Amino acid sequence: MEIRTDRTIFRLDKNDPDSVWDLRTSWKETEKDLFFLEFSLDAAEDLPPPELTLSWDLPLLDTVNCWTTCHGGGSELQPDWGRKHHFSIADEIPELVFHNREGICTVAAAYSDAMRVTEFSGGIHESDCSLRFTLKVFTRKEMPLRHYRGILRLDLRRMFFADTVRAISAWFATLPGYGNTPVPESAFDPLYSTWYSYHHDVHDRTVLQECREAAKYGMKTLIVDSGWDNDDNTLGPIACGDWEPSKKRFPDFASHVREIQNLGFRYLLWFAVPFIGKHSSRYAHFQGKYLFELPDAGVLDPRFPDVRKFLIDSCSRLMREYGIDGLKLDFINTFTECTDDPALTSGMGERDIPVITDAVDRLMTDLSSAIRAVRPDALIEFRQCYIGPAIRKYGNLLRAADCPADPGGNRRRTLNLRLTSGCTAVHSDMLEWRSDYDVRHAALQLLNIMFSVPQISVRLAELPSDHRQMLEFLLGFFVRHRALLVKSDLHPCAPDQNYPLVYAEAEGERIAVLYCGGITAELGFSPTIRSLYLVNATEREHVFADLTLLPGTAALLRDCRGEILPFEPPQTGLSRLRMPPGSILRLRAPEFSESRKGDLS
């Protein structure tokens, strides 16, 4: 089938040799250069759906990069026969945003079904130098259905790419089945995680020791990761499934939780949703109710009502019996890695939901509701790659994917998340560094995730004094400028160069963070902006800035430990500023400076 429009010709094919499916389409322009193609499939009875392929071409124009939610930080403009992107409820978001060197969108496409597995790619068609898009639905065999509806959103407006991404996120939020769970202010507090600092080797006394230290730096939330539920340090999910605190590690877990909470912390536990490990007492009980098996665990099939009940009851019980404040729900992407649906060969049996992704949605919706029924302000964390519009209705913390001690990777992941996550709190991957690092190098771990909530995972008592000073200063800066750093609309430059410069603006403040030497930040006062911040997150001793200042502007330069450095106020225009790595320069308008003379923030 061809759908001819004034912008392109869409080719929509269905693998339906017997023509038992009725395929209908509609095309509309809701505002200038914003289009929607809607299509529906209908059958007279429940039938296995046919594979659908939608393709179209558009001019390449001045495109240099394709941004996706899993963008890797370099140029990702590929041929149409190159890498194929796969999306689902637990694997990124089906959107492709092409832009030029200045970050202006040339074309953006998004698909409404962020639940089931889809293949969605775009790249250069080399025979005529155009952009060719291909969207495939039902590439995996599924249980029968009789109706399906999809909407393609095509945006040709020349806007800054980040604004285009935010507009797509706002559109997803209007569609049935998506939404946002409430986000308490506590979701934006810096937290301590045990994962990189201790891995599985967690015990009640060491956790208490770390929280006593963490409280000194303003951290208010604790995540105890894997290891709380078993007696040894074996990696992998082999021990998952019983979900009882280890008596060896935590002799009186309820008292331990209260002790941590009395320090002013919220207490979260890690919970690997899909796994029943082969060392679990429940492994045999769930035989026949696994989607597939790993070498050390079974992956539960959420289409079974008793599977969902077990998982929901397990989480609810942890919340009630031990008084914890939330959960880190992990590995739900494993559900969608099932490529050979056992129900297609063995039948539905006791399963009550035909489609795996629909069952994941039902499970996570009910699980989130059960957690918040125990504690309405519970914190519920998910991590990349499960970060889509459905996930935001289950959880209120989205964390960057694991990138241990990788500041550039953490920066890229958190900035990508910030663009798609709306009001949901975005957290860094846990920060770790060695205690024998130069303090400026350690500071780069924090400065690279400046626009997300910091998760700290080092052994705090082992830090040298200069590292402690640095951590106190930078976490304090984050807390004081929370609205600017994690609640504003970001302007991240050059995603194809791993975001070398990022701006944000809120509540009378504007900040520019430089991550790469040799480029110029632009900062200036305006009637609404009276405080400016310039951050040197490079390895260079100087940075370049094009400044628009006022006579009498006050300047304050602090190094990464918060120590004040001598600094002469710069002049309006292009300046080469001496700022050591990790330093923060504050510029204030004259009238503001007089009223806040003693404020060194």
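If you're wondering where the values come from, they're calculated on a predicted model, not measured in any experiment. Heavy atoms only: backbone and side chains are in, while hydrogens, waters and symmetry mates are out.
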Spell out, as yes or no, whether a donor-acceptor pair under 3.5 Å connects the side chain of [X] to the backbone of [Y].
X	Y	answer
H199	D201	no
S421	T424	no
R411	N498	yes
R412	Y499	no
S169	T420	yes
R249	S246	no
S75	D496	no
T5	R7	yes
D242	E244	no
D301	L291	no

- Item | Qualifying residue for side-chain contact (heavy atoms from CB on, under 4.5 Å) with N396, from S368, P184, P182 | P184

- Would you please test D341 and R140 for salt bridge (charged side-chain N to carboxylate O under 4.0 Å, His left out) and show each step? CA-CA 9 Å; D341 184 352; R140 297 180 183 177; over 6 Å; no

- Task: Kindly assign one of parallel, tilted or perpendicular to the pair H200 and W195, based on the angle between their ring planes and the thresholds 30° and 60°.
- Result: perpendicular

- Item | Aromatic plane relationship, Y111 with F120 - under 30° parallel, 30 to 60° tilted, over 60° perpendicular | perpendicular

Quick one: do the [X] and [Y] side chains pair a donor with an acceptor below 3.5 Å?
X	Y	answer
S197	Y192	yes
W67	N416	yes
Y394	D366	no
D42	H147	yes
S55	T134	no
D225	Y198	no
H71	T69	no
S452	R413	no

- Could you go step by step and tell me if I168 and F172 meet the side chain to side chain contact (heavy atoms under 4.5 Å, CB included) rule? CA-CA 6 Å; I168 292 171; F172 272 119; 3.6 Å; yes

Side-chain contact, heavy-atom cut-off 4.5 Å: [X] with [Y]?
X	Y	value
Y283	F275	no
R362	I353	yes
I332	I391	yes
L191	P454	no

- V307: what forms a side-chain contact (heavy atoms from CB on, under 4.5 Å) with it, not counting sequence neighbours? F286, K289, L300, F304, L311

- Message: How about NZ on K309, more than 12 heavy atoms from neighbouring residues, nucleotides or ligands closer than 6.0 Å, or not?
- Response: no

- Message: Is it the case that atom CZ in R24 sees more than 12 heavy atoms from other parts of the structure closer than 6.0 Å?
- Response: no

- Item | Distance under 6.0 Å and angle within 45° of ring axis: R383 vs F331 | yes

Please determine if [X] and [Y] form a salt bridge, counting it only when a charged side-chain N lies under 4.0 Å from a carboxylate O.
X	Y	answer
D352	R303	no
R4	E2	yes
D155	R153	yes
R399	E381	yes
D46	R146	yes

Calculate, to the nearest 0.5 Å, the distance between atoms [atom1] and [atom2] belonging to [X] and [Y] respectively.
X	Y	atom1	atom2	value
L417	T414	CG	OG1	7.5 Å
D340	F292	CG	CZ	11.0 Å
S314	L367	OG	CG	9.5 Å
Q455	E432	CD	CD	13.0 Å
M364	F335	CE	CZ	7.5 Å
L34	K28	CG	NZ	10.0 Å

- Query: Would E76 and R83 satisfy side chain to side chain contact (heavy atoms under 4.5 Å, CB included), going step by step from the backbone distance to the final call?
  - Reply: CA-CA 10 Å; E76 297 192 3; R83 176 188 176 191; 4.2 Å; yes

- Criterion side chain to side chain contact (heavy atoms under 4.5 Å, CB included) on M319 and R317, from CA distance to verdict: CA-CA 5 Å; M319 295 288 296; R317 177 179 53 79; over 6 Å; no

- Task: Check whether the ring centres of F35 and W27 lie less than 6.0 Å apart, and answer yes or no.
- Result: yes

- Y148/F138 aromatic ring centres below 6.0 Å: yes

- Task: Provide the closest heavy-atom pair for A114 versus Y178 in the form atom of the first, atom of the second, distance.
- Result: N-OH, 2.9 Å

- Are D113 and R116 close enough, and set up right, to give a salt bridge (charged side-chain N to carboxylate O under 4.0 Å, His left out), and what steps lead you there? CA-CA 7 Å; D113 190 351; R116 64 178 14 91; 3.4 Å; yes

- Message: Between V486 and V426, does the side chain to side chain contact (heavy atoms under 4.5 Å, CB included) criterion hold? Intermediate values first, please.
- Response: CA-CA 8 Å; V486 296; V426 170; over 6 Å; no

